[in-house]
Amino acid sequence: MHPLVAIGLVFLAAIAWTVTIVTLLIVVVKARRRPPSQVRRAAQRTEMPGSDERAA
């Protein structure tokens, strides 16, 4: 592999990791800013209907 291609791939990988980390940090900050009542509602919406019947 040509050295410039290898350097380019490393550079692209670094950009991808940076974007991933920044996105995750933004999601965490937004989740922390939400009032607890909205967090509870969001958690209830994600539960599958009938999940409490399966647990019994």
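Position 1 is the first residue of the sequence; numbering continues from there.
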**Study point:** Gap separating the CD1 atom of I7 from the NE2 atom of H2, nearest 0.5 angstrom
**Key:** 9.5 Å
Check your understanding: Do V19 and V27 sit in the same hydrophobic cluster, where Ile, Leu, Val, Met, Phe, Trp and Tyr count as joined when their side-chain heavy atoms come under 4.5 Å apart?
Key -> no
Exercise for review: Please round to the nearest 0.5 Å and tell me the distance separating atom OG1 of T20 and atom CG of L25.
Suggested key: 11.0 Å
